[in-house]
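Take a look at the structure below.
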Amino acid sequence: MRRTRFLAGRLVSMLAVLVVISLLTYAVFFLLPSDPAQMSCGKPCTPDGLAQASAFMGFDKPWWQQYLDFVAGIFRGRSFGRGPAAVHCSAPCFGYSFQLNQPVTQLIWARIPVTFSIAIGAAALWLVLGVSLGVLAAVRKGTAIDRSAMAFAVAGVSAPVYLLGLLGILLFGFTLDLVPVSGYVPLTESPVDWAWHLVLPWCVLALFTSAVYARLTRGQMLEVLEEDYIRTARAKGLTERKVVGWHALRNVLIPVVTVFGSDLGQLLGGAIITERVFSMQGLGSLLLQAVGTGDLPLVLGTVLFSAFLVVLANFAVDVVYGALDPRVSETSG
């Protein structure tokens with residue numbers, strides 16, 4: 001019952017955050033000087049033509065009515081205009097791009113596989129590599145292994161992602177000609193080519209982010225290894241592998257999971273720099289395209305969808321956090 005209340009409370013908090021984010025994003029969208037109706041009106045744009053375009057797109061209503069229509073469209077869909085020329089956007093409708101003549105949701109769905117492929121693979125790689133290096137450095141504190149792992153962490157944190165990407169392209173793509181340097185192959189077409197085209201983006205992101213996780217894991221592991229229950233476990237005759245791998249690592253993973261959920265959510269929302277460097281058309285590239293062309297409905301829909309992914313990832317972290325440490329759900333309950 002306590003865990004159920006804990007999850008229910010987190011779900012309510014998630015919904016509240018989404019409402020606040022949607023309001024703020026829509027407010028910014030509404031206050032921008034750009035007028036989507038003006039851009040769709042054509043040239044020359046007469047006052048009557050502008051009024052018709054605004055009415056067709058739904059921008060002739062008060063801002064609060066536009067916001068309510070937008071939210072309602074997410075759950076039940078919505079139509080723009082009337083009669084034979086009306087455009088229908090099925091639920092979940094995050095708006096309609098009149099510049100591209102497509103619902104924003106369709107544009108997002110088309111880009112999701114690219115962003116998700118980059119994010120999931122890189123996240124798995126940096127989590128395993130970062131945690132492993134951190135644990136190894138803590139267990140071998142003061143040795144050459146510890147110093148080497150921390151030197152790697154400092155180098156990884158200091159190097160910008162775009163610089164690592166360009167160096168990787170130059171070395172492994174052009175100089176050694178080992179891996180592809182751009183493009184994306186759908187998983188359904190060829191799993192091997194899909195993974196092969198993603199090797200370099202995965203490694204670049206993992207190299208940068210695993211450095212952060214290595215430092216975090218090492219610091220947490222050193223603290224946990226000094227706890228009384230660790231000394232008790234050793235006094236009972238448990239092997240060092242069981243002490244570190246079961247008793248200590250379980251508690252070390254709690255803060256790591258928290259950071260991991262936030263990082264993964266942000267990456268799922270769009271790896272803008274990585275997609276740009278490796279010429280991959282994901283959510284980040286879609287957002288940049290929308291900003292560059294002034295496609296405000298597409299900007300609004302993409303930002304809100306990305307925010308939803310971040311909030312959803314943090315909700316998943318809360319669930320895992322409660323499983324790793326039941327005291328959290330008991331305290332919240």
Side-chain angles (χ1 to χ4, degrees), residues 94 97 99-100 102-130 156 159-212 260-295 297-310 312-313:
F94 282 86
S97 172
Q99 291 189 22
L100 301 177
Q102 290 187 61
V104 172
T105 309
Q106 290 185 10
L107 295 170
I108 290 175
W109 289 158
R111 303 296 186 96
I112 279 180
V114 179
T115 299
F116 274 40
S117 296
I118 296 174
I120 299 301
L125 190 58
W126 86 50
L127 182 62
V128 173
L129 180 60
V161 175
Y162 70 87
L163 178 60
L164 292 175
L166 293 176
L167 290 176
I169 291 174
L170 178 63
L171 178 60
F172 298 104
F174 295 139
T175 304
L176 300 177
D177 194 21
L178 294 177
V179 293
V181 297
S182 64
Y184 173 80
V185 177
L187 178 63
T188 53
E189 288 186 9
S190 173
V192 175
D193 289 338
W194 168 81
W196 193 234
H197 279 74
L198 289 167
V199 165
L200 198 53
W202 284 345
C203 291
V204 167
L205 281 173
L207 182 63
F208 173 78
T209 314
S210 63
V212 179
F260 177 75
S262 177
D263 290 341
L264 179 59
Q266 294 178 21
L267 198 57
L268 289 174
I272 296 178
I273 297 177
T274 305
E275 292 174 9
R276 199 71 170 178
V277 169
F278 293 98
S279 301
M280 293 185 172
Q281 302 302 313
L283 289 177
S285 298
L286 181 64
L287 180 58
L288 284 180
Q289 174 188 342
V291 172
T293 59
D295 193 342
L298 184 56
V299 172
L300 175 64
T302 306
V303 168
L304 286 181
F305 184 80
S306 300
F308 169 74
L309 292 178
V310 174
L312 185 63

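Residue numbers run from 1 in the order of the sequence given. Here the structure is a predicted model, which is why all the values come from computation and not from measurement.
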Less than 4.5 Å apart, side chain to side chain, heavy atoms only: is that true for Phe208 and Thr274? no
Euclidean distance, Leu298 CG relative to Leu286 CG, rounded to 0.5 Å: 4.5 Å
Counting only heavy atoms not in Phe172 (residues, nucleotides, ligands), do more than 12 fall under 6.0 Å from its CZ? no
If you compare all heavy atoms of His197 against all heavy atoms of Pro180, which two are closest, and at what distance to 0.1 Å? CD2-CB, 3.6 Å
At their closest point, which heavy atom of Ala122 faces which heavy atom of Ala206, and how far apart are they? O-CB, 4.2 Å
Output yes when a side-chain donor or acceptor of Ser279 lies under 3.5 Å from a complementary backbone atom of Gly183, and no otherwise. no
Between the CG atom in Leu125 and the CD1 atom in Ile120, the distance rounded to the nearest 0.5 Å is 13.0 Å
Audit row: Ser306, Leu287, side chain to side chain contact (heavy atoms under 4.5 Å, CB included) steps and yes/no: CA-CA 10 Å; Ser306 300; Leu287 180 58; 5.7 Å; no
Looking only at heavy atoms, the pair that brings Val299 and Ala290 closest together is CG2-CB, 3.5 Å
Ring centre gap for Trp202 and Phe278 strictly below 6.0 Å: no
Kindly indicate, with the supporting measurements, whether the criterion side chain to side chain contact (heavy atoms under 4.5 Å, CB included) is fulfilled by Leu100 and Gln289. CA-CA 11 Å; Leu100 301 177; Gln289 174 188 342; 3.9 Å; yes
Is it true that a side-chain atom of Ser97 and a backbone atom of Val104 form a donor plus acceptor pair closer than 3.5 Å? no
Separation between CD of Gln99 and OG1 of Thr293, rounded to the nearest 0.5 Å: 4.5 Å
If every non-hydrogen atom of Gly282 is compared with every non-hydrogen atom of Arg111, which pair is closest and at what distance? O-NH1, 3.3 Å
Check whether any side-chain N or O of Gln102 sits under 3.5 Å from a backbone N or O of Leu107 as a donor-acceptor pair, and report yes or no. no
Quick check for you: to the nearest 0.5 Å, what is the distance between Leu164 atom CG and Ile169 atom CD1? 11.0 Å
Euclidean distance, Leu171 CG relative to Asp177 CG, rounded to 0.5 Å: 11.5 Å
First locate atom CD1 of Ile118, then atom CG of Leu198, and finally report the distance between them rounded to the nearest 0.5 Å. 6.5 Å
Show your reasoning for whether side chain to side chain contact (heavy atoms under 4.5 Å, CB included) applies to Asp263 and Leu267. CA-CA 6 Å; Asp263 290 341; Leu267 198 57; over 6 Å; no
Side-chain contact, heavy-atom cut-off 4.5 Å: Pro113 with Tyr184? yes
Which heavy atom in Ala123 sits nearest to a heavy atom in Leu264, and how many Å separate them? CB-CD1, 3.8 Å
Student check: side-chain heavy atoms of Leu283 and Leu309 closer than 4.5 Å: yes
For Ile112 and Phe305, run side chain to side chain contact (heavy atoms under 4.5 Å, CB included): C-alpha distance rounded to whole Å, both residues' side-chain angles, the deciding distance at 0.1 Å, then the answer. CA-CA 11 Å; Ile112 279 180; Phe305 184 80; 3.5 Å; yes
